[in-house]
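No experiment lies behind these values; they were computed from the predicted model shown.
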Amino acid sequence: MGASSEALTQVLIPVAALVGIGFALLQWLLVSRVKVSSHDSSNGYKVKLIEADEEEECIDNIEISIKCAQIQHAISLGATSFLFTEYKYLGIFMGVFGVIIFLFLGSVKGFSTKSEPCTYNKGNTCKPALANAVFSTIAFLLGALTSVLSGFLGMKIATYANARTTLEARKVMGFLLAANGLLVLYVSIYLFKLYYGDDWEGLYESITGYGLGGSSMALFGRVGGGIYTKAADVGADLVGKVERNIPEDDPRNPAVIADKVGDNVGDIAGMGSDLFGSYAESSCAALFVASISSFGINHDVTAMSYPLIISSMGIVVCLITTLFATDMFEIKNVREIEPSLKQQLLISTILMTAGIAMVSFFALPSEFILFDFGNEKEVKNWHLFFCVSIGLWAGLVIGYITEYYTSNAYSPVQDVADSCRTGAATNVIFGLALGYKSVIIPIFAISISIYVSFSLAAMYGIAVAALGMLSTISTGLAIDAYGPISDNAGGIAEMAGMSHKIRERTDALDAAGNTTAAIGKGFAIGSAALVSLALFGAYVSRAGIKSVDVLTPKVFIGLIVGAMLPYWFSAMTMKSVGSAALKMVEEVRRQFNSIPGLMEGTAKPDYANLLEQRRQQQNCVKISTDASLRAMIPPGALVMLTPLIVGTFLGVETLAGVLAGSLVSGVQVAISASNTGGAWDNAKKYIEAGGSEHAKSLGPKGSDCHKAAVIGDTIGDPLKDTSGPSLNILIKLMAVESLVFAPFFAAHGGLLFKFI
């Protein structure tokens, strides 16, 4: 590779990121021009969700418009308030954990400032261990701040868009977060290189802190936001729908504002941080493995940047897909939305396959050497093309299978809905069975990806396969964000007193959104499995472990303990949701019983003043806020402290067993939990919509079948929006944390076994 290709690489990556950000800002401008009133001809849309000839006479009443604005402002204010409070806690965590990283890694060589022999590039001298401690800490802080920014921007976009248009807003979020993550990582590498120079081994070892920072913030965001949203959702549903028999998002329900706030802080902010963390970790894993191979030793800038070029190509492909799928083929009714989103996924996958071929033959030499657990493996550029492509297509398979098991257009969810005839118990049984069954094909897809990728290009192949699965992250984020934004739009329509027809349409949008959110979670979980395995391989290499033998007692006990951790973590998060929901139910009941005229609609619930969070009153928003902030600490501590304790006291082999056990167990639990919850939710919506003769026979709203479906939905809420999505962060975060601290564990770990 000559100087021209290196210069082109240096330009291509930041330009692609800036194009993504520019496109997102353009879409933001389009969203901001959409007016609440459809009489305003400046909207720029020929087909509106609310057609003029279908509106009731009150729809464009000034009072309705004012209500929409007030509700949107309340949701935005509540979400912003919660996130700022959460980020205060996370700011303290960032400072404390940054000090821990510095002290642990700095003590590897006794805080020496002397250069030392390189671990992999024999015969050369690398920067001191103290430099690795300093720059790993800086990278951790950069990753954490970018993750926080990703979540916050996602929430602001969603709350701004929920009263305007879902289809445009999801584009803003997808491109902004994907491009933001790529740009910050690229700039960080460039700046770190000013100090490290030719020491690429030390450079890319320290950059792994970026992935650790991103994932640690994502964990707290997912857990805290998930507990918040599901406590409010469960409380609102159980009292409102089951006990009082009022519609979802009815303005009489005191918990309805807290529920809408929760959609943004959990499903949007948490999900944005989550997928950013996946991208950061997969990139860091691939870069680290490449740095100790011929790419890094020969200082081949273009080949070394291969993971970043894939991400750049992904932004361009997703931009083309978005223009092709939504701007060239206009969506005219709600039934076309879910097929359109699936179409985007398929088109982006096909185009990305061609893009990967171009990148692989442009960026990579025809033959090169990769590090393979102490051995050298000769690899060709077309090998890596197949590695990335199989990860990409495995993601598509997981997405489509997830849709099959969670969409009410197919028989699995319809069977779950039909089981409600005999009550909530059979609904729960059918839903659990569906979730367990939905694991089978995704696991085979992941397994085939792992086997092919490892056979062709060792651990680097698995790392780039994970990047392949995440290469269409812009489309994935857009698909995932569609659900909660639709849910908020429907809630605003209900609370503002808009027509029944509008609510039917927003319910249809919400049902499609549940499926698209499940597809997004499927991508996150599948990529987490590949990322974790790549990080596991990098950890084993960096810790100097020659082989991981499960017959060794040290490894086997780690394997069993690691397999147990997802269940312990899930127990913590599920119980936290249950405890907060219990308080929420009591508060909602209190307001219904103590506020005269609330059920009749002549009096308002206390949600108008909920956001003040007055000390003298345990209102709904305060209950969710306090519960989520307190409850996110124990699960977070479990994940963050386990690698430190195991590595320090039991050694690198036992920690390898823990990582393998948590990976194998966590992926299964995460997929089944997410799909079970999604199926229960859409089974309820299938009955509510009454779109077929079968659905009509189970309804209407308020029937015994519907109440059984609501109970299933409330059980599934913490599964699909708290425990399930958080588990993929657990397996990634433990792996990347182990990699960052591997030098310390290799030098000083296993204290307990030294005395036995």
> How many angstroms lie between atom CD1 of I320 and atom CD1 of I315, to the nearest 0.5 angstrom?
Replying inline: 12.5 Å

> Between A463 and A285, what is the shortest heavy-atom contact and its length?
Replying inline: CB-C, 4.2 Å

> Hey, is the main chain of S455 close enough, under 3.5 Å, to the side chain of K377 for a donor-acceptor pair?
Replying inline: yes

> Which atoms form the tightest heavy-atom contact between L644 and E737, and what is the distance?
Replying inline: CG-OE2, 3.4 Å

>> Distance check, rounded to the nearest 0.5 Å: M94 atom CE versus I101 atom CD1?
In response: 10.5 Å

>> For the CE atom on M564, are there more than 12 heavy atoms of other groups (residues, nucleotides or ligands in this structure) within a distance under 6.0 Å?
In response: yes

>> As an exercise, state the distance from CG of L638 to CE of M734, rounded to the nearest 0.5 Å.
In response: 8.0 Å

> Can you name the closest pair of heavy atoms from N381 and S360 and give their distance?
Replying inline: CB-O, 3.7 Å

> Crowded around F93 CZ? As in, over 12 foreign heavy atoms under 6.0 Å?
Replying inline: yes

>> Contact between M352 and T321 at the side-chain level, heavy atoms closer than 4.5 Å - yes or no?
In response: no

>> Would you say that S305 contacts I13 through its side chain, given a criterion of any heavy-atom pair below 4.5 Å between the two side chains?
In response: yes

>> Checking F386 against I390 for the side-chain contact (heavy atoms from CB on, under 4.5 Å) test, could you report, in this order, the C-alpha distance in whole Å, the side-chain angles of both residues, the deciding distance, and whether it holds?
In response: CA-CA 6 Å; F386 278 109; I390 197 167; over 6 Å; no

> Going by the angle between their ring planes, with limits at 30° and 60°, are F192 and F135 parallel, tilted or perpendicular?
Replying inline: perpendicular

> Taking the side chain from S293 and the backbone from V289, do they hold a donor-acceptor pair closer than 3.5 Å?
Replying inline: yes

> Does NZ or CZ of K127 lie under 6.0 Å from the centre of the six-membered ring of Y196, at an angle within 45° of the ring axis?
Replying inline: no

> Are the side chains of Y460 and P307 in touch, meaning some heavy atoms are under 4.5 Å apart?
Replying inline: yes

> With distance as the sole test, does S147 use its side chain to make a donor-acceptor pair with the main-chain N or O of G214 at under 3.5 Å?
Replying inline: yes

> About how many Å separate CG of N180 and CG of L185, when rounded to the nearest 0.5 Å?
Replying inline: 11.0 Å

> Looking at Y210 versus F140, is the centre-to-centre ring distance below 6.0 Å?
Replying inline: no

> Between W200 and H299, how do the two ring planes meet: parallel, tilted or perpendicular, split at 30° and 60°?
Replying inline: perpendicular

> Side chains of F288 and C284: does their closest heavy-atom pair fall under 4.5 Å?
Replying inline: no

>> Are there over 12 heavy-atom neighbours, none belonging to Y190, within less than 6.0 Å of that residue's OH?
In response: no

> For L727 and F569, which heavy atoms make the closest approach, and how far apart are they?
Replying inline: CD2-CD2, 3.7 Å

> Are any non-hydrogen side-chain atoms of T302 and L364 less than 4.5 angstrom apart?
Replying inline: no

>> I'd like to know if the side chain of S294 pairs up with that of N298 as donor and acceptor (distance under 3.5 Å, no hydrogens or angles considered).
In response: no

> Roughly how far, to the nearest 0.5 Å, is CD1 of I309 from CG of L8?
Replying inline: 8.0 Å

> Looking only at side chains, do Q10 and Y186 share a donor and an acceptor under 3.5 Å apart?
Replying inline: yes

> Quick one: CG on N728 to CD1 on I671, what's the gap to the nearest 0.5 Å?
Replying inline: 10.0 Å

>> For M304 and L287: C-alpha separation, side-chain torsions, deciding distance, then whether side-chain contact (heavy atoms from CB on, under 4.5 Å) applies.
In response: CA-CA 7 Å; M304 191 70 211; L287 289 168; 4.3 Å; yes

> Within a reach of under 6.0 Å around OH of Y400, are more than 12 heavy atoms found that belong to other residues, nucleotides or ligands?
Replying inline: yes

>> So which atom in A17 and which in L183 form the shortest heavy-atom distance, rounded to 0.1 Å?
In response: CB-CB, 3.8 Å

>> So for atom OH, which belongs to Y195, do other residues, nucleotides or ligands contribute more than 12 heavy atoms lying within a distance under 6.0 Å?
In response: yes

>> Given 3.5 Å as the limit, does a donor-acceptor pair link the side chain of S348 with the main chain of L345, or not?
In response: yes

> Judged by modelled atom types alone, do E281 and S215 share a side-chain donor-acceptor pair under 3.5 Å?
Replying inline: yes

> Are N132 and E205 side-chain neighbours, meaning at least one heavy-atom pair lies under 4.5 Å?
Replying inline: yes

> Is there a side-chain contact (heavy atoms from CB on, under 4.5 Å) between S532 and F536 once you walk through the steps?
Replying inline: CA-CA 6 Å; S532 300; F536 174 78; over 6 Å; no

>> Looking only at the side chains, is there a donor atom on one of W393 and T353 sitting less than 3.5 Å from an acceptor on the other?
In response: yes

>> Between F556 and I560, does the side-chain contact (heavy atoms from CB on, under 4.5 Å) criterion hold? Intermediate values first, please.
In response: CA-CA 6 Å; F556 194 76; I560 295 176; 3.3 Å; yes

> Is L559 close to V658 at the side-chain level, that is, under 4.5 Å between some pair of heavy atoms?
Replying inline: no

>> Would you call the rings of F104 and F741 parallel, tilted or perpendicular, taking 30° and 60° as the class edges?
In response: perpendicular

> Distance-only, no hydrogens or angles: does the S547 side chain make a donor-acceptor pair with backbone N or O of D549 under 3.5 Å?
Replying inline: no

> For K109, does the NZ atom have more than 12 heavy-atom neighbours from other residues, nucleotides or ligands under 6.0 Å away?
Replying inline: no

> Considering all heavy atoms of both residues, which atom of A133 and which atom of G106 are nearest to each other, and what is their separation?
Replying inline: CB-N, 3.4 Å

>> For the backbone of A563 and the side chain of S665, can you confirm whether one donor and one acceptor N or O come within less than 3.5 Å of each other?
In response: yes

> Okay, side chain of H383, backbone of K380: is any donor-acceptor separation there less than 3.5 Å?
Replying inline: yes

> Can you check whether I645's main-chain N or O pairs, donor with acceptor, with T648's side chain at less than 3.5 Å?
Replying inline: no

>> Within the 4.5 Å heavy-atom criterion, are I398 and I446 side-chain neighbours or not?
In response: yes

